[in-house]
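In what follows, a structure is listed as structure tokens, so that the remarks can point back to it.
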Amino acid sequence: MVKRIAVVTLFPEMLSALTDFGVSGRAVKQQILEVRCWNPRDYTADKHQTVDDRPYGGGPGMLMMIQPLSDAIAAAKQWASEGSDSVSAKVIYLSPQGQVFHQAQAQVLADSGNFVLIAGRYEGIDERLIEAQVDQEISIGDYVLSGGELGAMVIMDAVMRLLPGVLGHVDSANEDSFSEGLLDCPHYTRPEIYNDCAVPEVLLSGNHERIRQWRLQQSLVRTQERRPDLLSRKQLSAEQQRLLDEYNSKDCT
Ligand SMILES: Nc1nonc1C(=O)NCC1CCCCC1
């Protein structure tokens with residue numbers, strides 16, 4: 001079943017960065033993922049194709065004009081809701097006011113139905129439109145961008161790589177560190193000696209169980225050192241706790 005993602009944006013050409021390249025481009029080509037853009041400018045009624053409007057109460061900048069945006073969202077939602085046995089598509093608005101996006105949310109979106117992403121521009125959109133047509137606000141991080149398109153593409157990329165058939169190696173996505181709630185382990189490739197540094201010998205041993213444990217221990221240690229906040233939220237398995245304890249008890253001199 002192809003996954004449909006509709007993007008409401010004034011700059012549909014930006015989405016080619018996702019649809020025309022790499023793993024995501026291949027997912028579109030293989031019809032695992034279908035992406036379609038809806039431009040509010042196509043829903044304007046005036047000769048200037050106006051898509052912005054002044055904010056009540058004054059203040060800097062403009063807002064997205066309600067009517068073209070609302071009509072574009074409705075059209076996008078209808079397309080995204082087709083063929084999914086009348087389950088209506090979730091409508092998501094990208095903004096710094098949303099819940100911060102993380103891997104678990106990517107998995108939820110990958111496992112659920114089609115959805116619509118609204119990429120805001122100018123200073124944002126009318127609050128009454130959010131109340132009437134938006135199901136969820138998502139932020140990709142605590143900073144302010146010039147538009148929601150990059151946020152939309154971040155979400156699309158994180159979701160699409162979790163769709164069945166997208167990543168060559170079936171384990172890739174579930175082996176992702178973040179799907180374990182841990183940072184990734186170090187990786188090495190040829191040559192064996194680079195910059196006077198050798199590849200850790202365990203990776204040359206051919207002992208897959210030793211390699212698996214070394215990689216898991218490295219992920220745990222890195223997470224402990226760089227993102228203790230992630231570790232504090234994670235319930236470690238007995239093996240994970242043993243590997244971390246083993247590392248921490250080593251003579252650090
Ligand atoms: N941070 C973010 N996460 O998702 N989107 C973000 C953003 O900074 N978006 C900027 C947009 C927000 C709507 C008004 C115009 C600027």
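As the structure lists them, so they are numbered: ligands from 1, and atoms in each ligand from 1. This chain uses plain numbering: 1 for the first residue, then up along the sequence. Fair warning: this is a prediction, and the values are worked out from it, not measured in the lab.
Contact check for P68 versus D71: no side-chain heavy atoms found under the 4.5 Å cut-off. Side-chain contact check for L203 versus I211: some heavy-atom pair is nearer than 4.5 Å. Contact annotation: the side chain of V154 never approaches that of L94 to less than 4.5 Å [non-hydrogen atoms, C-beta and beyond]. The side-chain heavy atoms of D157 and M160, taken from C-beta on, include a pair separated by under 4.5 Å. Residues D126 and L69 have side chains not in contact (no heavy-atom distance under 4.5 Å, counting atoms from C-beta outward). With contacts defined as side-chain heavy-atom distances shorter than 4.5 Å, the pair F115/Q136 does not qualify.
Residue Y122 approaches ligand 1 through these ligand atoms, each under 4.0 Å from one of its heavy atoms: 14 (C), 15 (C). Within ligand 1, counting atoms from 1 as listed, the ones closer than 4.0 Å to a heavy atom of G141 are 1 (N). When each atom of ligand 1 is checked for a heavy atom of V144 under 4.0 Å away, the hits are 8 (O).
Counting only heavy atoms of the protein, atom 10 (C) of ligand 1 lies nearest to L145 O, 3.3 Å. Here the protein heavy atom with the shortest distance to atom 9 (N) of ligand 1 is G147 O, 3.7 Å. Closest protein heavy atom to atom 3 (N) of ligand 1: I140 N, 2.8 Å. The single protein non-hydrogen atom nearest to atom 13 (C) of ligand 1 is Y93 OH, 3.2 Å, given as residue, atom name and distance.
A heavy-atom separation below 4.0 Å is not found between F101 and ligand 1.
Side chain of Q217 to backbone of L243: a donor-acceptor contact under 3.5 angstrom is found.
Looking at ligand 1, you'll find an N or O of Y143 within less than 3.5 Å of one of its N or O atoms. On a distance-only criterion, G124 and ligand 1 share no N/O pair closer than 3.5 Å. Backbone and side-chain nitrogen or oxygen atoms of G148 are examined, and none is located within less than 3.5 angstrom of a nitrogen or oxygen of ligand 1.
Here R128 does not pair with E131 in a salt bridge; the nearest charged N to carboxylate O distance is not below 4.0 Å.
Of the listed options S95, G61, G151, S95 places a heavy atom closest to atom 5 (N) of ligand 1.
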